[in-house]
Protein chains: 2
Amino acid sequence: MRQRSPQTWRLIRDSAVGLMADRGFDAVSVDDITAAAGISRRTYFNYFAAKESVLFDPDPDDPRLWAELTAARPAGEPLWTALHQLILAYTAAAGAEIVRQCRVIAASPSLAVCSRETCDRFWDCARAWAAGRDTAATDLQLDLLINTARAAFSTVSARWDVDTGIPGLHALIDEAFTLVISPEWKKL
Amino acid sequence: MRQRSPQTWRLIRDSAVGLMADRGFDAVSVDDITAAAGISRRTYFNYFAAKESVLFDPDPDDPRLWAELTAARPAGEPLWTALHQLILAYTAAAGAEIVRQCRVIAASPSLAVCSRETCDRFWDCARAWAAGRDTAATDLQLDLLINTARAAFSTVSARWDVDTGIPGLHALIDEAFTLVISPEWKKL
DNA sequence: ACTCATCGTGCACTGAGTGCACGATAGCCC
DNA sequence: GGGCTATCGTGCACTCAGTGCACGATGAGT
């Protein structure tokens, strides 16, 4: 991949999401995007490897946000609690972007699969961060814990009504993270 | 979608997977597949909506297998245990196909995302089956339980060395399902 | 002025996926 | 047997995604 300027990245992203929010993902071609952004087709693919990428690629600013959020977690905090708080903080910070993305995805079922990639970024970071903490957990335990948190989140985000906004999402997250840690729920 | 004959379905599937096992997914075009199967390009797309579909679409025989496996679960069995046993039985039954698929996917990283769809089919069935059982669980509890099981499975399948075969996979599944249900693992 | 890195562009090409109309075969009914 | 119909494979033309490559504009350093 060639080098990329952050301004062009934003320009393409904003043009594309704008069009897709209006017409839906499938009704917008790459040519439409490049026309709206005033760039060439080839430049588009210098920035985004595929049509979906313009929705799902990480914001260049993301690593900075993640560093900030993890730095705020106290040292001795149990991992489960920390993950709970991190996901609240992350969804709060990226709120507007998330809601916009969810609307486009919801309107175009063919995108449902790809949407997982967005979450994966978060959980990959979480995994790396958790592994760097002082803990007695084995690799397998860590993976299971992270993936269970991921499962809790994906469960509630599937039930989330986008119109309730981030507060509605947070209420569901709290409920799920509490349920999973309760001792009796697996005897169902 | 037009009507389809099971023989043609199998013919295309087998030709495609054969080629992909040899050369890798990306190096096989739809034209290669249709040439190998002795059918036309258009017929291919009458059977499979996309190139990946030939790997990931459910075997027409799958519903029968699923019905058989769930019928074998005793009525009062805790859901977690039942899911544990179901996934052992399913991976045992579909073993050869799974190993073959995993090899192709492992050799072509661009397919990693799509591979989730295969698992989704299993867990969708599991969810529907669990909802039909007599249980005091709420919808949210059921979803969380299913998705936690899914997380446990996806954790171990990511760590699975395909060359250890289905027995190796089963050992990992047993370990994970035991760990997750143990009371202390979330205090890490 | 020269050089070099950066980054946008034009073009030609491959391959995925679709809409549509046609054709071959096989069963069925009179 | 002749005509009807459902099934299912096929050929063709087309759109759009994605790539390799060479060129061009700009701007900074010397």
Side-chain angles (χ1 to χ4, degrees), chain A residues 1-20 22-57 59-60 104-105 107-115 117, chain B residues 1-20 22-58 60 104-105 107-115 117:
Chain A
M1 178 79 78
R2 302 268 285 270
Q3 236 145 340
R4 303 159 304 167
S5 86
Q7 300 91 306
T8 309
W9 191 94
R10 273 248 97 73
L11 170 66
I12 301 177
R13 165 90 133 208
D14 289 342
S15 308
V17 176
L19 289 177
M20 288 174 182
D22 281 353
R23 301 188 223 160
F25 180 82
D26 289 331
V28 175
S29 73
V30 173
D31 285 335
D32 294 335
I33 299 171
T34 60
I39 50 133
S40 80
R41 174 184 183 70
R42 199 62 193 77
T43 297
Y44 176 89
F45 284 106
N46 283 339
Y47 279 79
F48 299 98
K51 186 183 165 189
E52 310 84 72
S53 309
V54 78
L55 270 177
F56 295 119
D57 272 9
D59 193 303
V104 175
I105 295 167
S108 167
S110 72
L111 287 176
V113 175
C114 300
S115 71
E117 292 185 68
Chain B
M1 180 78 77
R2 303 267 285 267
Q3 237 144 342
R4 302 160 303 165
S5 86
Q7 300 90 307
T8 308
W9 191 93
R10 273 249 95 75
L11 171 66
I12 301 177
R13 166 89 132 211
D14 289 341
S15 309
V17 175
L19 288 177
M20 288 173 183
D22 281 354
R23 301 188 224 160
F25 179 82
D26 289 331
V28 175
S29 73
V30 174
D31 285 335
D32 293 335
I33 300 171
T34 60
I39 51 138
S40 80
R41 174 183 182 70
R42 198 62 192 80
T43 298
Y44 176 89
F45 284 107
N46 284 339
Y47 279 80
F48 299 98
K51 186 183 164 188
E52 309 84 72
S53 307
V54 77
L55 269 177
F56 295 120
D57 272 9
V104 174
I105 295 167
S108 167
S110 72
L111 286 176
V113 176
C114 300
S115 70
E117 292 185 65

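Per chain, numbering begins at 1; letters A, B, ... match sequence-line order. Worth saying up front: this structure is predicted, and the values here are computed from it rather than measured.
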Base-pairing string, 5' to 3', of DNA chain D - Watson-Crick or wobble, under 3.5 Å, | interstrand: ||||||||||||||||||||||||||||||
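Judged by distance alone, the side chain of A:Tyr47 and the main-chain N or O of A:Val54 form no donor-acceptor pair under 3.5 Å.
In this view, A:Asp31 and A:Arg41 satisfy the side-chain hydrogen bond (donor to acceptor under 3.5 Å, both in side chains) rule, not counting sequence neighbours. A search for side-chain hydrogen bond (donor to acceptor under 3.5 Å, both in side chains) contacts involving A:Thr43 returns A:Ser40, not counting sequence neighbours. Applying the side-chain contact (heavy atoms from CB on, under 4.5 Å) criterion to B:Ala35, with sequence neighbours excluded, gives no partner residue. In this structure, the side-chain contact (heavy atoms from CB on, under 4.5 Å) partners of A:Ala50, at least two apart in sequence or on a different chain, are A:Glu52, A:Ser53. Residues passing the side-chain hydrogen bond (donor to acceptor under 3.5 Å, both in side chains) test with A:Ser29, sequence neighbours excluded: A:Asp32.
Rounded to an integer number of Å, the gap from CZ of A:Arg42 to P of D:dT19 is 8 Å. Separating the CD atom of B:Glu52 from the C1' atom of D:dA17 is a distance of 13 Å, rounded to the nearest angstrom. Taking atom CG of A:Asp57 as the reference point, atom P of D:dG18 lies 12 Å away to the nearest angstrom.
Residues from residues 6-15 of chain A that place a heavy atom under 4.0 Å from any atom of DNA chain D: there are none. Shown for residues 30-37 of chain B: no residue has heavy atoms falling under 4.0 angstrom of DNA chain D.
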Could you go through nucleotides 25-27 of chain D and list every protein N or O atom that sits under 3.5 Å from one of its N or O atoms, giving the distance for each pair?
none

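Residues B:Thr8 and B:Arg4 have side chains not in contact (no heavy-atom distance under 4.5 Å, counting atoms from C-beta outward). Looking at B:Met20 and B:Ile33, their side chains come closer than 4.5 Å, going by heavy atoms from C-beta outward. A:Val30 places a side-chain heavy atom less than 4.5 Å from the side chain of A:Phe45.
Mapping A:Lys51 and B:Thr43 onto DNA chain D by nearest heavy atom places B:Thr43 closer to the 5' end of the strand. Comparing B:Arg41 and B:Gly38 along DNA chain D, the residue whose closest nucleotide (by nearest heavy atom) sits nearer the 5' end is B:Gly38.
Across every non-hydrogen atom of A:Asp59 and A:Arg13, the tightest pair is N-NH2, 4.3 Å. A pairwise comparison of heavy atoms in A:Val28 and A:Arg23 identifies CG2-CB, 4.1 Å as the closest pair.
Here A:Ser29 lies in heavy-atom contact (under 4.0 Å) with sugar-phosphate atoms only.
In 5' to 3' order, the nucleotides of DNA chain C bounding all contacts with chain B (an atom under 4.0 Å from a heavy atom) are C:dA16 to C:dA21.
Remark: A:Ile39 CD1 to A:Leu11 CG distance equals 7.0 Å, nearest 0.5 Å.
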